Protein chains: 2
Amino acid sequence: MAAEPVLDLDRQLCFALYRAQRALTRAYAPLLEPLGLTYPQYLVFLRLWAEDGQRVNDLGDCLSLDSGTLTPLLKRLEHRGLVERRRDTADERVVRIYLTDAGRALRTKAKKVPVALAGLAGFDLDKPKGVNALAGLRDELTALATRLEHASDAKPR
Amino acid sequence: MAAEPVLDLDRQLCFALYRAQRALTRAYAPLLEPLGLTYPQYLVFLRLWAEDGQRVNDLGDCLSLDSGTLTPLLKRLEHRGLVERRRDTADERVVRIYLTDAGRALRTKAKKVPVALAGLAGFDLDKPKGVNALAGLRDELTALATRLEHASDAKPR
DNA sequence: TGTTAATAAATTGTATACAATCTAATTGAC
DNA sequence: GTCAATTAGATTGTATACAATTTATTAACA
């Protein structure tokens, strides 16, 4: 199709990644709709359910998101009564995020989400084969992300 | 860390995919900066360099993007003189996208991009091992995206 | 043929992403 | 102790994504 194989869209890892990520986010939407969350909001809750009262930067480090993304996202969650944003009394620069009862309550509903999604993605988690396939792909992607993040660091300008 | 392994962020394929995709887009930015393109804009050019004069919907099908994303993106490219948007004379509903000379000229610079990025991503394309690793991951992601897209179709609502 | 259904883009509204800048608070060097 | 660097978030501005609606055009068919 393309005269230059190097520029052939279908051959590129990059596009496959871009496409898969968006397909995944779209697949999440109906599963998260009962929780009233978007996918990035769900990721924030995954972190908060694991550890309450984190700083905005803690969340940012975990999720690779900066305050430009997190601040408005967290404000929306606060406005809906799912979290509270409180200044740290010891260091007034820091804002800590606390779950409200409503935010904690979402966790019960959320437990169904990962399994449902694995099903949509075609991984049979009841069999070792499915678990390993998922884990293998996940580890490859994590390694790729790490390499790419370090590559950006290495050449700062 | 998390009490519920199922909800542990680090274990999830979904987050690995989300993170890798954004790391990739950020890694592209400095490579595309000489072309003055964002990553989605670059994808549009990949398609246009392969085949000029495509309809907006053709691009949308290839890239899994709808007119809500493409229309403003294409208008920005038109405004910068890189493409032309022309109504199809046979069917006035259709808008076709044509490269300008400036848009075609970008292709020369673009040829360096995929190889440079493969390097940043840690794939050595000079060795079969690197090529196979890239192709394998790409194919897994494409298959995953296809499954997820069909899964969404299957449950309309 | 006249009207309805379908189609292609555009538009609207909401929610990310992210670079760059700004502000307030804290550290550190001296 | 004071003032320059640093740090944490917030803000600003641009560019996606995408659902939902709208508009214009074409196709279909009773």
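Model, not experiment: these values are computed from the prediction. In what follows, chains carry the letters A, B, and so on, assigned in the order in which the sequence lines appear, proteins first and then strands, with residues in each chain numbered from 1.
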(message) Closest-nucleotide mapping onto DNA chain D: is Thr25(A) or Arg96(A) further toward the 5' terminus? I mean the 5' end.
(response) Arg96(A)
(request) Starting at atom CG of Leu59(A), determine the distance to atom C1' of dA8(D), rounded to an integer number of angstrom. (result) 13 Å
(request) Pick base, sugar-phosphate or nothing for Thr38(B), based on heavy-atom distances below 4.0 Å to the nucleic acid. (result) sugar-phosphate
(request) Report yes if a side-chain nitrogen or oxygen of Arg26(A) is closer than 4.0 Å to either non-bridging phosphate oxygen (OP1 or OP2) of dA17(D); otherwise report no. (result) no
(request) Name the nucleic acid region contacted by Asp66(A), choosing base, sugar-phosphate or nothing; use a 4.0 angstrom heavy-atom cut-off, strictly under. (result) base
(message) Using a distance-only criterion (donor-acceptor N/O pair, under 3.5 Å, no hydrogens), is the base of dA9(C) paired with the side chain of Thr71(B)?
(response) no
(request) Examine dA17(C): is either OP1 or OP2 under 4.0 Å from a nitrogen or oxygen in the side chain of Gln21(B)? Give yes or no. (result) no
(request) Take Leu70(A) and Tyr18(A), find for each the nucleotide of DNA chain D with the closest heavy atom, and name the residue whose nucleotide sits nearer the 5' end. (result) Leu70(A)
(request) Report yes or no: do Arg19(B) and Thr146(A) form a side-chain donor-acceptor pair below 3.5 Å? (result) yes
(message) I'd like to know whether Tyr42(B) forms a side chain to side chain contact (heavy atoms under 4.5 Å, CB included) with Phe45(B), so could you lay out the CA-CA distance, the side-chain angles of the two residues, the decisive distance to 0.1 Å, and finally the verdict.
(response) CA-CA 5 Å; Tyr42(B) 168 70; Phe45(B) 275 104; 5.5 Å; no
(message) Can you see if the side chain of Lys75(A) gets near the phosphate of dT11(D) - specifically, an N or O under 4.0 Å from OP1 or OP2?
(response) yes
(message) For Arg80(A) and Thr100(A), which I'm curious about, is there any donor-acceptor pair between the side chains at under 3.5 Å?
(response) no
(request) Provide, to the nearest angstrom, the distance between the CG atom belonging to Asp88(A) and the P atom belonging to dG9(D). (result) 9 Å
(request) Using only heavy-atom distances, decide whether a donor-acceptor pair under 3.5 angstrom links the side-chain of Ser67(B) to the base of dA10(C). (result) yes
(request) Please round to the nearest 0.5 Å and tell me the distance separating atom CG of Leu74(B) and atom CD1 of Ile97(B). (result) 4.5 Å
(request) Identify which nucleotide among dA15(D), dA25(C), dG9(D) has an atom closest to any side-chain atom of Val56(A), counting heavy atoms from C-beta outward. (result) dG9(D)
(request) Using the closest heavy atom to pick a nucleotide of DNA chain C for each, name whichever of Thr69(A) or Asp91(A) lands nearer the 5' end. (result) Thr69(A)
(message) I need the Leu144(A) CG to Asp139(A) CG distance, nearest 0.5 Å.
(response) 12.5 Å
(request) Write down the distance between OH (Tyr39(A)) and P (dA15(C)), rounded to a whole number of angstrom. (result) 18 Å
(message) Using a 4.0 Å heavy-atom cut-off, does Leu73(A) contact any base of the nucleic acid, only the sugar-phosphate backbone, or nothing at all?
(response) sugar-phosphate
(request) Could you check which of dA8(D), dT26(D), dA17(C) has an atom nearest any side-chain atom of Leu65(A)? (result) dA17(C)
